[in-house]
Structures are given as structure tokens and as C-alpha cells.
*Asks:* 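Quick one: the structure is below, questions incoming.
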Amino acid sequence: MELIAKRPNGTKDMIPAEAHKWHTVEKVVSETAECFGFKEIRFPMFEETGLFKRSVGDTTDVVQKEMYTVSSKGDDTFTLRPEGTAGTVRAVLQNGLLNEALPLKTYYIISCFRHEKAQKGRLREFHQFGVEMFGSKSYLADADVIALAQSVLLRLGIENTVLNINSIGCPHCREKYQQALREYFGKYTDKLCGTCLSRMEKNPMRILDCKSEICSDIAKDAPVILDFLCDECKEHFENLKENLTERGIAFKVNPKIVRGLDYYTKTVFEFVSDSIGAQGTICGGGRYDGLVEQLGGQPTPALGFAMGIERLLLTMEAENCEFNQPKTCDIYIAAMGKAAEKKTVALVSALRDEGYHAESDVMGRGLKAQMKYADKMGAKFTLVLGDNELLSGKAKLKNMKKGEETEISLGDKFIDDFSDAMIAEMFDVEEMFKG
RNA sequence: GUGGGUAUAGCGUAGCUGGUUAACGCGUCAGUUUGUGGCACUGAAGACCAUGGGUUCGAAUCCCAUUAUCCACCCCA
């Protein structure tokens, strides 16, 4: 078939047959966040381009080469959000939310856009579940946020992940560290790759992350940030580790993890899965104590994380996690003839008003084909209406799983009778699970 | 942006040492007599074999280009 348009590169359709998977994740994720006291926030899909430049960082890949920037009719340029933190902070400040009781705890489920080359677990339009907490500089906040992330993963049924944590210090210790890095890497200017050379001045920490053989070889013996932390940062990190241990949360200190977004300070962490290919980071986050002030607010410590929903789904599929099953049809009413058709429409309508999932034919099919359809839809009950039923005012309600039929009144008692049948059905399912 | 793999009906595949109407499974639809689904059987619809060039008497099959997609690098969720 020759289509006139195809799905853009790096995007995915969510088809009805997969909706229940997304619903499962969205439900678990938001319920867990609410258990921890986080409330949902929504904000625009696009923002002024400057917001991302200033928060995510001018030198980052995300800003330099991955943003979808569009110009509107005026002179302003807007950018499709590549992540959720910047928009959240902007919205929090613009609505004065930091003037209310602290900590402020928000969560979101959003789509994000980055112009990257697509591969497994990496899309141009992808979805994130993220949380942000404002107002606390305590390690307890870090531990709580990490505990939330872990709790979400466990409730989704994801068990095989590793939690990596690190501290990248505050601006004070970072400056000393970056100086040390420049001195160290300065000895190898003739060997480092081009991108790393350009990183030297602006952000030498990112050289540590370079996967080029030569650079990573040199980076092996580079100074480690943890040796340069100031007393406050060191204490914060030690307290966090202790608190995580007390909570029974296993972690690995990994001095190599350096988040690629400039706003992070002190704690950074990620949960990694090894079952979904190269893009195994399913959750990444950390503290960003300077960002609120940088965007024009009062100095306010803050932190958060984001999870890639597509990556969560990949992991859940890889680990054979269970999804909530979609709701199926409660009752299908098959009609034969014009008179029955009228009655059918009336009954279906009444059932729907009571909240039942009721269906009837819209294809002009014969009885047999209607029954086949009802079966395929997974209808729990069927009811056949013809002249006989209309005359007697009674019909046979068929339980499709068992094949049993019970008589049901088509009069005023219809809804009550059907409710009883549904309750019996539910009760029966429970019995089956017990057995 | 850089590599490598793959492109055949809605989905999954066969056919790929070139040769009549491109096959199979699943799915869809209809039927197997009279008012009842699941099973079985029968039949139907559905593919310009990704696109454009070439080689050849002849190309789904060989060659080149383009595009799409997948995996990996990079980066990140």
C-alpha cells in the first residue's frame, strides 16, 4: 500500500492493542508519586528557546544539536521541550509556587523531543515520567527521591536494575576539580579527540565520559571528583549513602557518571537495566541547587529525576512483567429483525447509563456473525433478541466462558438481573484464582 | 553526524545458485440449510515483491543509487 504520509523517523504510534501497557505504567507511576506526596504539574510542550539554553546548558549536546526549534510569526523562537525540568522550574517560578509550604513536590508525564538518530530505546519523540522537589538541601530529600524512583520500578515489576550514584560537587569544589582536570588533560592535548579538546575549557568533566579509546584510556588515571569535594558536599554524600543503606536500598558509587545536563550539582544517580540494549539508563536524575536562582528565582535547592517511559516498557517486556488487562465487553446484545433492533438499542443504552460496557451490531451482520464478533471481543455475556423474546418479555443471558444460559427479564428488572449476573461472574473469577 | 544489517499482502515468513498466474501461517470477511461464539472444513478479499536506474531474451531473485527501518557509536530518559 502506498501511503501518502508516513510516521516521522524516531516516532512511534501507540495502537489500541498496546494502550493497556501505557495505562499500567501511567497508573503505577502517578499513584506511587502521590504516595510520596508529589502532585501533578502540566506545562507547555514548547518554551522560549532561551530557557533551555540557560538551564540545560549551552555546551551540551542536547542544546547544541538536538533541539527542535521553530520560529513563530513574531521574532521569538520556541523549542519543543527536550526534557521536563526546565519547564517545571519555569512554571513553578511563574506561578509563585515557592511561596507556599515547602518542600514543593511535583511530578509529570510528558512527551519530549530530541533530534537524535533513532535506535532501540532512543526516540525523537519520547515520553518521560519525572519528579521535582524544591526547597530542601538535606540528604533526606535525595534519599526520598531515590526511594521513590526505586519504588516505582519495583511496583512496575522491574527488578534487575543497578543504582549508580555519584556526587559532582557544588560550584566551589567543582571549580577546583575542573582546574585539576585541565591540568591533567593539558598534558595530552596532542592525543585527545577534537570534541574533547573543545570540552577542555567549557566543561572538562565531560571528557571523562568520552568513549573514544584514546580519551577513555587517558581518562582512566584522571583525578576523581570525590577527592575534591568540599566538606559540605562530602558530608552530604556520606549522609546520603548512610541513609540509603538504612533504607535497604542497594547502590554502587560510580565516579564516572556525569550527567550530561549542566544544571546538576552534588548528587547524581541513575538506574540502569542491562536487558534492553545499549540505551539502558531507565532513570536518571540528581540535585540542581543552582538552577532556580539561575532562572530568576530566590536561591532554592532542588532535585529530581526522569524515567523514559518507552524504556520502562522495554524493560517490563524483557522481564515479563505483568500489565493490567484491558477491560472487555460486559454484554453483547445480538438483534434479529427491526423490532428487536429497537429494543436492543434501548437496552444497550440503559446498560451504558449504568456504566456497563455494552455493545450491539453496527455492521448489519447476521446472528452467527454477531456471536463470533462477541466472542472475539471477549464479551462476558451475550443476549439474543428476536420476535420470541419480544413477545415473552424474557430472554436467555449466556455466559460466554461457561456456555451456560439463565433467563433474564427484559422489563424493569432487566438492569438488576444483569447486575446480579455480573456480580456472580466476578465472584466466580475469584473462585477460580483460589483454586 | 559515523558505521553495519534489513526491506515480499494487516502481521510473521518462504521463495533469493535469475525462467510460466509470487507461496505459507496468523488475521480479516463469507459460507458449511432453517435463531447462537470457541473446534473443524470450504471459499474470498488483500502484494505494482520499498523507490529509481542498470545487466539480461527474461529480475522478487544479480549490480548501483535513493529512501525507510533496525542495531551500534555518540548522547541521554
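Throughout, a chain's letter reflects where its sequence line sits, starting with A, and its residues are numbered from 1. Values below: all heavy atoms of this structure, side chains included; hydrogens, waters and symmetry mates excluded.
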*Asks:* Taking the same atom, P, in rC41(B) and in rU61(B), what whole-Å distance lies between them?
*Replies:* 36 Å
*Asks:* To the side chain of A278(A), which of rA30(B), rA77(B), rC73(B) is closest?
*Replies:* rC73(B)
*Asks:* Of the nucleotides rA30(B), rC75(B), rU69(B), which one has an atom closest to the side chain of R365(A)?
*Replies:* rA30(B)
*Asks:* Between S419(A) and Y356(A), does a side-chain hydrogen bond (donor to acceptor under 3.5 Å, both in side chains) hold up when you go through it step by step?
*Replies:* CA-CA 9 Å; S419(A) 297; Y356(A) 289 112; 2.8 Å; yes
*Asks:* Checking all strands, does C112(A) fall into the base, sugar-phosphate, or nothing category for heavy-atom contacts under 4.0 angstrom?
*Replies:* nothing
*Asks:* Please give, in whole Å, the distance from rU69(B) C1' to L123(A) CG?
*Replies:*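 To the nearest whole Å, that distance equals 13 Å.
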*Asks:* Enumerate all atom pairs, one protein N or O and one N or O from nucleotides 33-35 of chain B, separated by less than 3.5 Å.
*Replies:*
from, atom 1, to, atom 2, distance (Å)
rG35(B), O6, N388(A), N, 3.3
rG35(B), O6, N388(A), OD1, 3.2
rG35(B), O6, N388(A), ND2, 2.3
rG35(B), N1, E389(A), OE1, 3.0
rG35(B), N1, E389(A), OE2, 3.1
rG35(B), N2, E389(A), OE2, 2.8

*Asks:* Do you see a donor-acceptor pair shorter than 3.5 Å between the side chains of T60(A) and D262(A)?
*Replies:*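 No donor-acceptor contact under 3.5 Å links the two side chains.
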*Asks:* Hey, does F113(A) have a side-chain heavy atom less than 4.5 Å from the side chain of M45(A)?
*Replies:*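 With C-beta onward as the side chain, the pair touches.
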*Asks:* Give the dot-bracket line for RNA chain B from 5' end to 3' end: parentheses for intra-strand Watson-Crick or G-U pairs under 3.5 Å, square brackets for crossings, | for inter-strand pairing, dots for unpaired.
*Replies:* (((((((..((((.....[...)))).(((((.......))))).....(((((..]....))))))))))))....
*Asks:* How close or far is atom P of rC11(B) from atom CG of D13(A), stated in whole angstroms?
*Replies:* 12 Å
*Asks:* Determine whether the side chains of Y108(A) and E40(A) contain a donor N or O and an acceptor N or O closer than 3.5 Å.
*Replies:*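 No, no side-chain donor-acceptor contact under 3.5 Å.
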*Asks:* When you look at E405(A) and N399(A), which way does the side-chain hydrogen bond (donor to acceptor under 3.5 Å, both in side chains) test go after all the steps?
*Replies:* CA-CA 6 Å; E405(A) 293 183 339; N399(A) 180 319; over 6 Å; no
*Asks:* At under 4.0 Å between heavy atoms, which parts of nucleotides 4-9 of chain B does protein reach? Answer with one letter per nucleotide, 5' to 3': B base, S sugar-phosphate only, - none.
*Replies:* ------
*Asks:* Around M14(A), counting heavy atoms of other residues, nucleotides and ligands shown, do more than 12 lie under 6.0 Å from its CE?
*Replies:*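 Counting neighbours around CE of M14(A), more than 12 heavy atoms of other residues, nucleotides or ligands fall under 6.0 Å, so yes.
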*Asks:* Check for a donor-acceptor pair, side chain of E319(A) on one end and backbone N or O of E159(A) on the other, with a separation under 3.5 Å.
*Replies:* yes
*Asks:* Can you tell me how far P of rA77(B) sits from CD of Q119(A), to the nearest Å?
*Replies:* 15 Å
*Asks:* May I ask you to list the residues of residues 49-71 of chain A, by number, that have any heavy atom positioned under 4.0 Å from an atom of RNA chain B?
*Replies:*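 Close to the strand are D61(A), E66(A).
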*Asks:* List in numerical order all residues of residues 307-320 of chain A for which some heavy atom is under 4.0 Å away from an atom belonging to RNA chain B.
*Replies:*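 The stretch gives G308(A), R311(A) as the residues lying under 4.0 Å from the strand, ordered by number.
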*Asks:* Within the structure shown, what part of the strands sits under 4.0 Å from G277(A) by heavy-atom distance: base, sugar-phosphate, or nothing?
*Replies:* sugar-phosphate
*Asks:* In whole Å, what is the span from the CD atom of Q279(A) to the P atom of rA77(B)?
*Replies:* 11 Å
*Asks:* Check nucleotides 37-41 of chain B against the protein and report each pair of N or O atoms closer than 3.5 Å, with its distance, or say if there are none.
*Replies:*
from, atom 1, to, atom 2, distance (Å)
rG37(B), OP1, K368(A), NZ, 3.4
rG37(B), O2', D375(A), OD2, 3.2
rG37(B), N7, K398(A), NZ, 3.0
rG37(B), N1, M400(A), O, 2.5
rG37(B), N2, D375(A), OD1, 2.8
rG37(B), N2, M400(A), O, 2.9
rG37(B), N3, D375(A), OD1, 3.2
rG38(B), O4', D375(A), OD2, 3.2

